[in-house]
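As a basis for the values below, the full set of heavy atoms in this structure was taken, side chains included, without hydrogen atoms, waters or symmetry mates.
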Amino acid sequence: MKIGLQFAMESELHALPGAKELEPFVTISGVPFFEIAPDMIACAGGISKVNAAMAAEIFCLHFGVDMIINAGVAGCATDLPTGSLVVASEFVQHDVDTTAIGDEAGLVSTVNCLTFPTWEPEHCREILKELGYETVLGRVATGDWFATGCARSEWIRDTFHPLLLEMEGCAIAQVCLRNRVPFVAVKSVSDHLFGTANQTEEYFNFGQALENMGRVILPLAHKLQEER
């Protein structure tokens, strides 16, 4: 089974053991791709939904991957400790809004979906548990906006009830849905939208979130390859 490991930022890709020393074997549409292991390709496709969708489509159409695993850091809408690992159960797009014509907030009309599922999230969580990693299962909200603790975040929280907010996952989920490619996502809590920690403390914890995420992705990917 060929797996695509998709990150947004180079720092997320470099959190994988040995990834900093790798050279890309090809660059397509400005996106460098790296061979992490046999039948395992990785990229840092860029921040935001358009960049994420483009990289995911390259994975599907050019490389013919059998699964995409999206990993990265994300802001938390609850009180999970920094560095907590979340297996995404489903995604929504909080910045899609055609309510003016009667649609529900977040409905993506092209595919007529409000929620975008991930592949067997309970099973992925069980794999990680067997490997010694505790995780939480939850919904993730995606949008082209770096979330901060403000009224807009409160609206997203109260409307979509996500555990996490980030900027790429649902775009990848939508591409995978249309290409019929299984999609898995694991996120690590880097900051909190509603809490008492100041900004300096939040960014100080970014490294811990990367470290916790980086150590679990390859063991999960290898286990999924063995199974399928």
Side-chain angles (χ1 to χ4, degrees), residues 6-9 11-12 15 46-52 69-99 103-108 113-118 121-122 124-125 128-129 133-174 183-217:
Q6 184 166 342
F7 306 87
M9 302 180 290
S11 58
E12 294 169 329
I47 296 171
S48 81
K49 294 196 301 183
V50 171
N51 285 325
I69 301 176
N70 171 227
V73 298
C76 186
T78 64
D79 58 355
L80 288 176
T82 300
S84 296
L85 295 171
V86 176
V87 175
S89 57
E90 62 182 4
F91 282 85
V92 296
Q93 294 187 50
H94 65 73
D95 60 349
V96 174
D97 188 351
T98 52
T99 55
D103 291 336
E104 188 175 358
L107 181 72
V108 181
C113 289
L114 176 63
T115 60
F116 292 79
T118 57
E122 295 86 356
C124 292
R125 188 184 181 200
L128 288 169
K129 184 176 181 180
Y133 303 111
E134 292 297 325
T135 62
V136 178
L137 199 66
R139 171 184 282 189
V140 180
T142 299
D144 280 333
W145 175 63
F146 190 95
T148 59
C150 62
R152 182 173 178 178
S153 291
E154 293 174 357
W155 176 82
I156 294 169
R157 177 193 62 192
D158 297 340
T159 302
F160 298 102
H161 311 290
L163 190 58
L164 303 178
L165 278 73
E166 46 86 88
M167 299 178 67
E168 295 84 26
C170 198
I172 305 169
Q174 184 174 340
F183 173 58
V184 171
V186 179
K187 304 289 181 175
S188 182
V189 173
S190 59
D191 57 278
H192 297 81
L193 303 180
F194 312 103
T196 58
N198 63 39
Q199 192 176 55
T200 301
E201 291 172 335
E202 293 299 90
Y203 278 94
F204 178 79
N205 290 326
F206 188 75
Q208 184 63 57
L210 286 173
E211 182 180 340
N212 289 3
M213 179 273 296
R215 70 165 60 104
V216 307
I217 299 307

Exercise. Could you give the distance from OG (Ser153) to CG (Leu193), rounded to the nearest 0.5 Å?
Worked result: 5.0 Å
Seminar exercise, completed: Separation between OG1 (Thr142) and CG (Asp95), nearest 0.5 Å, reads 8.5 Å
Exercise. Step by step, would you call Phe7 with Glu168 a side-chain contact (heavy atoms from CB on, under 4.5 Å)?
Worked result: CA-CA 9 Å; Phe7 306 87; Glu168 295 84 26; over 6 Å; no
Exercise. Which pair of heavy atoms, one from Ala173 and one from Phe116, lies closest together, and at what distance?
Worked result: CB-CB, 3.8 Å
Problem set entry | side-chain contact (heavy atoms from CB on, under 4.5 Å) partners for Val96, two or more places apart | Lys49, Gln93, Val108
For this session: Identify, with sequence neighbours excluded, every residue that meets side-chain hydrogen bond (donor to acceptor under 3.5 Å, both in side chains) alongside Thr98.
Result: Asp103
Exercise. Do Val140 and Cys170 come within less than 4.5 Å of each other through their side chains, counting heavy atoms only?
Worked result: no
Exercise. How long is the span from the CG atom in Asn51 to the CD1 atom in Ile172, to the nearest 0.5 Å?
Worked result: 10.5 Å
Problem set entry | Trp155: partners by ring pair (Phe, Tyr, Trp, His ring centres under 6.0 Å), with sequence neighbours left out | Phe160
Seminar exercise, completed: In this structure, CG of Leu164 is separated from CG of Leu80 (nearest 0.5 Å) by 7.0 Å
Problem set entry | Flag side-chain contact, heavy atom, 4.5 Å: Thr78 against Leu163 | yes
For this session: List the steps and the verdict of side-chain contact (heavy atoms from CB on, under 4.5 Å) for Ile217 and Val186.
Result: CA-CA 8 Å; Ile217 299 307; Val186 179; 3.9 Å; yes
Exercise. Which residues pass the side-chain contact (heavy atoms from CB on, under 4.5 Å) test with Ala209, sequence neighbours left out?
Worked result: Val73, Ser188, Ser190
Seminar exercise, completed: Sorted by chain and number, sequence neighbours left out, side-chain hydrogen bond (donor to acceptor under 3.5 Å, both in side chains) with Ser11 holds for none
Exercise. Glu104 versus Thr99: any side-chain heavy-atom pair under 4.5 Å?
Worked result: no
Problem set entry | Qualifying residues under side-chain contact (heavy atoms from CB on, under 4.5 Å), relative to Thr135, sequence neighbours excluded | Leu85, Val87, Arg125, Leu128
For this session: Might you point out which heavy atoms bring Gly138 and Val86 nearest each other, and give the distance in Å?
Result: N-CG1, 4.2 Å
Exercise. Ala88 and Thr118: which non-hydrogen atoms are nearest, and at how many Å?
Worked result: O-OG1, 2.7 Å
Exercise. Can you pull the salt bridge (charged side-chain N to carboxylate O under 4.0 Å, His left out) pairs that have at least one residue in residues 78-90, sequence neighbours excluded?
Worked result: Glu90-Arg139
Exercise. Can you tell me how far the CG atom of Asn212 sits from the OH atom of Tyr133, to the nearest 0.5 Å?
Worked result: 9.5 Å
For this session: Mind checking side-chain contact (heavy atoms from CB on, under 4.5 Å) for Ala15 and listing every partner two or more places apart, or none if nothing turns up?
Result: Leu210, Met213
For this session: Measure the spacing between OG1 of Thr159 and NE2 of His94 and express it to the nearest 0.5 Å.
Result: 11.0 Å
Exercise. For Leu114 and Ala105, which heavy atoms make the closest approach, and how far apart are they?
Worked result: CD1-O, 3.1 Å
Seminar exercise, completed: Applying ring pair (Phe, Tyr, Trp, His ring centres under 6.0 Å) to Phe183 and not counting sequence neighbours gives Phe91
Exercise. Got a sec, which residues hit salt bridge (Lys or Arg N to Asp or Glu O under 4.0 Å) with Glu211, two or more places apart in sequence or on another chain?
Worked result: Arg215
For this session: Check for a donor-acceptor pair, side chain of Gln174 on one end and backbone N or O of Ala171 on the other, with a separation under 3.5 Å.
Result: no
Exercise. Counting distance only, does the side-chain N/O of Asn70 pair as donor-acceptor with the main-chain N or O of Gln6 below 3.5 Å?
Worked result: yes
Seminar exercise, completed: By salt bridge (Lys or Arg N to Asp or Glu O under 4.0 Å), Glu166 pairs with (sequence neighbours left out) Lys187
Problem set entry | Where at least one partner belongs to residues 142-164, residue pairs that pass salt bridge (charged side-chain N to carboxylate O under 4.0 Å, His left out), sequence neighbours excluded | none
